[in-house]
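Naming: A, B, ... by sequence-line order, numbering from 1 per chain. On a predicted model such as this, the values are computed, not experimentally measured, just so you know.
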Amino acid sequence: MGSRLSITPPGDYLLTRDVCSYGYFLLAPNRWDGVSRRLGRSLNLEDGIASLTIAQAGGKRGGKLDVRADRALSRGEREEAKRKIARMLRLDEESLAAFHRADPRWRRSGKGRLFRSPTLFEDVVKTVTSCNVTWPGTMKMNQRLCEVINPAFPTAGQLGRRRAATLRSRCGVGYRDQRLIELAKLFRSGEVEEAWFEDEARSDEEVEKKLRGLPGVGPYAAANIMMLLGRYGHLAIDTETIRHGREELGMAGTEAQVRKQLMAHYEQFGDQRFRSYWFESWLVSERRNGPAHTWTIERD
DNA sequence: GGTAGACCTGGACGC
DNA sequence: GCGTCCAGGTCTACC
């Protein structure tokens, strides 16, 4: 018999809006069901893997989150699951008011939370697998990492023990194989620690420098991971951002020139500039593809 | 500090 | 069906 948990989220929390706010909700092992508006997800817990579904009572803002597990969870595991869910859903997000002050366009809709993973390690791997590849490729890599290594997402220990050839041939990660293994070893050894990055006393510069030292992490990936850590002051500029500058903001010139114009344009949003850009860009995607909560996950 | 080319995969296209 | 080209960010070598 499974376990059931109830989580009281912040009063403004809306599962559909806040899960379907960043592309990682479409990446394995996350499973969003746009019809029932539930998030399915396997988690690595103390005593093994548990498959969870998360729904919000009444589908209304502030409604309690009803979490069901496919097996009985110990008291320790229940706490662990709650901690991990809180990280994914950003239930402890404290800077929403600051974001809405910096950019009031999103105050009414309440947008501001960006979905992430239960661990920093998973966020870093997902970011590395999103670089230099189209989105379907990123989806495939994450799906295969779960199929081949661990259905709840590979831990650093598991990924660090794999051979590069396996990751390349069976998980389709291409030239990222060795970089992912090195990354996993750094997390496994404790040389890279989630707590260090989560420490709010550290400056953005310190955090960025450390991230840039990780294999597979360049300027774009570092800024993206900083966003996932709750540091929104850096723009993660990729080809989509350049396109946004040209097509939505009317910028012109070479890529380098558009890049400079983007930096200048989002300067007005200060330490919230990533979110200001992101929600603009997300609206454009929804205009093209329909509401994010209806986006489907195509898996083999 | 700036730039060029390699890295790998999958999709689009032409033949 | 096959070959070619292109998109995508990071890394290294070179100037």
> Would you call A:Glu205-A:Lys209 a salt bridge at under 4.0 Å N-O?
no
> If you count every heavy atom of other residues, nucleotides or ligands that lies below 6.0 Å from A:Arg108 atom CZ, does the total exceed 12?
no
> Between A:Arg41 and A:Glu122, does at least one N-O distance fall below 4.0 Å, as a salt bridge requires?
yes
> Could you give the angle between the helix axes at the two ends of the helix from B:dG1-C:dC15 to B:dC15-C:dG1, with five pairs per end, rounded to 10 degrees?
40°
> Scan for ring-ring contact (aromatic ring centres under 6.0 Å, His included) pairs involving residues 189-227 of chain A, sequence neighbours excluded, and state none if there are none.
none
> If you restrict it to nitrogen or oxygen atoms, what contacts under 3.5 Å exist between nucleotides 3-5 of chain B and the protein, and what is each distance?
none

> Between A:Ser21 and A:Phe115 (side chain of the first, backbone of the second, donor and acceptor by atom type, cut-off under 3.5 Å), is there such a pair?
yes
> With a 4.0 Å cut-off on N to O distance, would you call A:Arg75 and A:Glu79 a salt bridge?
no
> Is the closest basic N to carboxylate O distance between A:Glu80 and A:Arg83 below 4.0 Å?
no
> To the nearest angstrom, how far is A:Asp177 atom CG from B:dC8 atom P?
8 Å
> Is A:Asp12 salt-bridged to A:Arg113, cutoff N-O under 4.0 Å?
yes
> When you check every protein heavy atom under 4.0 Å of nucleotides 4-11 of chain C, what one-letter string (B, S, -) results, 5' to 3'?
----BBSS
> Measure the distance from CG on A:Leu180 to P on B:dC8 and round it to the nearest whole Å.
13 Å
> Short of 4.0 Å, heavy atom to strand atom, which residues of residues 246-260 of chain A count as contacting DNA chain C?
none
> State plainly whether the residues A:Glu208 and A:Arg231 are in salt-bridge range, i.e. N to O under 4.0 Å.
no
> Taking A:Arg116 first and then A:Asp123, would you say they form a salt bridge - that is, a charged N and a carboxylate O separated by under 4.0 Å?
no
> Taking CE from A:Met141 and P from B:dT9, how many angstroms apart are they, rounded to a whole number?
9 Å
> Over 60° means perpendicular and under 30° means parallel, so classify the ring planes of A:Trp32 and A:Phe25, tilted if in between.
perpendicular
> Taking 4.0 angstrom as the limit, do A:Asp66 and A:Lys64 come out as a salt bridge?
no
> List the residues meeting ring-ring contact (aromatic ring centres under 6.0 Å, His included) with A:Tyr232, not counting sequence neighbours, and say none if there are none.
none
